[in-house]
Amino acid sequence: MTPLLFAPLKLRGLDIRNRIFVSPMCQYSCRDGLANDWHLVHLGARAVGGAGLVMAEATAVTPEGRISPEDLGLWSDTHAEALQPITDFIRAQGATPAIQLAHAGRKASCASPWKGGKALAPGEGAWTTLAPSALPFGHFPPPRALEREELPALVEAFRAAALRALEAGFEVVEIHMAHGYLLHNFLSPLSNARSDEYGGALQNRARLPLEVVHAVRSVWPERLPLMVRISATDWKDGGWDLEQSVQLARWLKEAGADMIDCSSGGLAADAQIPARPGYQVPFAAAIRRDAGIATAAVGLITEAVQAEQILANGEADAVAIARASLRDPHWPLRAAALLHADIPWPVQYERSKPMF
Ligand SMILES: Cc1cc2nc3c(=O)[nH]c(=O)nc-3n(C[C@H](O)[C@H](O)[C@H](O)COP(=O)(O)O)c2cc1C
C-alpha cells in the first residue's frame, strides 16, 4: 500500500504528486527584490528532491513590506519575469510551484540574519514600518499606524502580486497571515488597538485579512488553490488563540481559501513557546476538524515515520518541512525509501535509487 505521504493530493483542479511541502523560507539573497540563480538552485534542488509542492519564501507585495532589503518581492512585472524560469524548472521536475505573498508590517526594516537580524538604524537604510496601531514589536522602533484610507492600496498590492505570481507560473498562492507580520498584526488584539471597523471585535480584526483573500481569489483562477498561513496562537494571554483561529478558518474557507497552513507565534517578543517535535500539529488537527478545511502541519516535523503518522491520524492533509529540507534537499526521496514507497526518481539519479 502506498504510504499516505506519497498519495497525491487534489486541491481544486490541481493534483499535487505527494503530501510533502517545502515550507516557505526566506533566503535574504535578492537585490531589489529580484529572484536570481540562488533561488533557482535552492528551490529547484528541492523539486529534484521529490517534494510535492515547493513554496517560495515570503515575497513582499510592496518594497516597505520586506523584512530585510534582501527579501524577495513581486511589486513589478520585472519581478515576475525573474521568477518564471524557477517555476518552469520546478514544474518540469513534477513538483508544484507555490509562492507565499507577504507584508512584514511592524517587523519590516531589519538586517538579514547574518548581518545581525536587528531593526535597521536610520544610517543603515531603515524605513518606517506600517501596522494597524503604533505598537512596537519588542524593542523595534514603533510602526506608523495605517490610516483607514491607506488600506485599499494594501489590498490592491496583494491582488496585483497574485496576478503577477500567476503570470510567473505559480500554481498555488499562500497569503502570509502568521509570524507577527502585517495581517497577523491586524488579527491579534495584542497588536491591533484600532477603534475603527478594522479593530476591536474579532470580525473587525479579521476584516483586512479577509479583504485580502477576497481580492486575491478574484484574480486567482477557479481551478487553482489558495492557501493561508496563520499563527494559530500568540502563546500569550490576551492574544490570538486557537478558538479565534478556528473561526477565522471558517471565514477564510467561505472567502475561497482551500488550505490552512498552521504555524504559531512570532507576534509577541516575550512569548514562551513550548517547541518540541510536532508541537503545532494539534492546531492543524483542530482547525481541520472544527472548520472543515484542509490543513498543512508544520514545525519540527523531521522524520518520515512521524510525518506519515500525522496523516494517518487524520491531523493534517499535508506536512510542510522547513529546516529538515535545508539539511537534506532529498528528504522526500529518502522518506520514500524509508517507508518503502516506490516513487519515480529523477531519471538522472536513477542509478542511485535504493532497491526494494
Ligand atoms: C531559514 C528560514 C526561513 C524562514 N522563512 C519563512 C518564510 O519566509 N515564511 C514563513 O511563513 N515561514 C518561514 N520560516 C518558518 C518555516 O517555514 C517553518 O514554519 C519553521 O521553520 C518550522 O518548521 P521546521 O521545524 O520544519 O523548520 C522560515 C524558517 C527558516 C528556518
Side-chain angles (χ1 to χ4, degrees), residues 5 19-30 33 35 38-39 42-43 45-46 49 51 53-61 65-74 83 98-105 107-108 110-115 117 158 161 165 170 172-185 187 209 227-233 235 259-267 271 273-284 295-304 306-307 310 316 318-329 331-332 334-335:
L5 266 185
R19 287 148 189 265
I20 304 168
F21 293 3
V22 174
S23 202
M25 281 179 280
C26 288
Q27 299 295 296
Y28 309 104
S29 298
C30 297
W38 176 264
H39 304 88
H42 163 66
L43 297 168
R46 281 150 188 83
L53 176 146
V54 177
M55 192 174 297
E57 66 199 78
T59 302
V61 298
R66 288 177 289 181
I67 302 167
S68 81
E70 291 83 20
D71 281 24
L72 188 59
L74 201 41
L83 286 161
I99 188 166
Q100 187 184 51
L101 299 182
H103 188 300
K107 285 171 82 177
C110 285
S112 319
W114 50 90
K115 292 181 183 167
F158 274 94
F170 289 100
V172 175
V173 68
E174 177 173 275
I175 314 287
H176 200 344
M177 292 190 191
H179 303 168
Y181 300 121
L182 185 71
L183 298 177
H184 188 182
N185 296 159
L187 292 171
M227 292 174 62
V228 176
R229 174 166 274 200
I230 63 167
S231 282
T233 176
W235 298 109
M259 184 179 240
I260 309 296
D261 185 358
C262 301
S263 189
S264 75
L267 187 117
I273 302 184
R276 55 182 164 68
Y279 70 110
Q280 295 173 149
V281 174
F283 302 135
T295 57
V298 65
L300 288 173
I301 301 168
T302 57
E303 308 305 320
Q306 176 198 14
I310 292 166
V319 292
I321 311 286
R323 287 164 292 180
S325 159
L326 293 186
R327 288 192 283 272
D328 177 6
W331 194 94
R334 203 164 48 78

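Counting starts at 1 for both ligands and their atoms, in listed order.
- Across all their heavy atoms, Gly180 and Asn185 have their closest contact at O-ND2, 2.9 Å.
- Heavy atoms of Gln27 found under 4.0 angstrom from ligand 1: none, in either backbone or side chain.
- Those atoms of ligand 1 that come under 4.0 Å of a heavy atom in His179, given as number and element, are 10 (C), 11 (O), 12 (N).
- Looking only at side-chain heavy atoms (C-beta outward), Leu53 and Val22 stay at 4.5 Å or farther from each other.
- Here the straight-line distance linking atom CG of Asp261 with atom CD1 of Ile230 works out to 9.0 Å at 0.5 Å rounding.
- For ligand 1 and Gln100, the ligand atoms under 4.0 Å from any heavy atom of the residue are 7 (C), 8 (O), 9 (N), 10 (C), 11 (O).
- Heavy atoms of Ala324 stay at 4.0 angstrom or farther from ligand 1.
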Would you be so kind as to tabulate the donor-acceptor pairs closer than 3.5 Å made by side chains of residues 273-280, with sequence neighbours excluded?
from   : atom 1 : to     : atom 2 : distance (Å)
Gln280 : OE1    : Ser264 : N      : 3.0
Gln280 : OE1    : Ser264 : OG     : 2.6
Gln280 : NE2    : Val298 : O      : 2.8

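- With respect to atom 27 (O) of ligand 1, the closest heavy atom belonging to the protein is Arg323 NE, 2.6 Å.
- Heavy atoms only, all atoms of each residue included: Val281 and Ala297 are closest at CG2-CB, 4.1 Å.
- The protein heavy-atom contact nearest to atom 13 (C) of ligand 1 is Pro24 O, 3.0 Å.
- Per-residue contacts place Gly299 under 4.0 angstrom from the following atoms of ligand 1 (heavy atoms of the residue considered): 22 (C), 23 (O), 25 (O).
- Looking at ligand 1, you'll find an N or O of Cys26 within less than 3.5 Å of one of its N or O atoms.
- Some N or O of Leu300 is nearer than 3.5 Å to an N or O of ligand 1, by distance alone.
- When only interatomic distances are considered, the shortest N/O to N/O separation between Ser263 and ligand 1 does not fall below 3.5 Å.
- The shortest N/O to N/O separation between Ser23 and ligand 1 falls below 3.5 Å.
- Side-chain contact check for Ser325 and Arg46: at least one donor-acceptor pair (N or O, by modelled atom type) lies under 3.5 Å.
- Regarding atom 20 (C) of ligand 1, its nearest protein heavy-atom neighbour is Ala322 CB, 4.0 Å.
- Polar contact check, Val298 against ligand 1: no nitrogen or oxygen pair lies under 3.5 Å apart.
- At a 3.5 angstrom cut-off on N or O pairs, Ile321 does not count as close to ligand 1.
- Protein heavy atom closest to atom 29 (C) of ligand 1, with residue, atom name and distance, is Met25 CG, 3.8 Å.
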Could you go through the salt bridge (Lys or Arg N to Asp or Glu O under 4.0 Å) check for Arg66 and Asp71 one step at a time? CA-CA 6 Å; Arg66 288 177 289 181; Asp71 281 24; over 6 Å; no
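- Only one option out of Thr59, Ile99, Leu101 pairs with Phe170 in a side-chain contact (heavy atoms from CB on, under 4.5 Å); it is Ile99.
- Ring orientation note: the planes of His42 and Trp38 are close to parallel, at an angle under 30° on the 30°/60° scale.
- Proximity of a side-chain donor or acceptor of Arg19 to a complementary backbone N or O of Val319 within less than 3.5 Å is not detected.
- For ligand 1, the atoms closer than 4.0 angstrom to any heavy atom of His176 are 9 (N), 10 (C), 11 (O).
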What's the verdict on side chain to side chain donor-acceptor pair (under 3.5 Å) for Ser112 and Glu70, showing C-alpha distance, side-chain angles and the deciding distance? CA-CA 7 Å; Ser112 319; Glu70 291 83 20; 2.6 Å; yes
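- The protein heavy atom nearest to atom 15 (C) of ligand 1 is Arg229 NH1, 4.0 Å.
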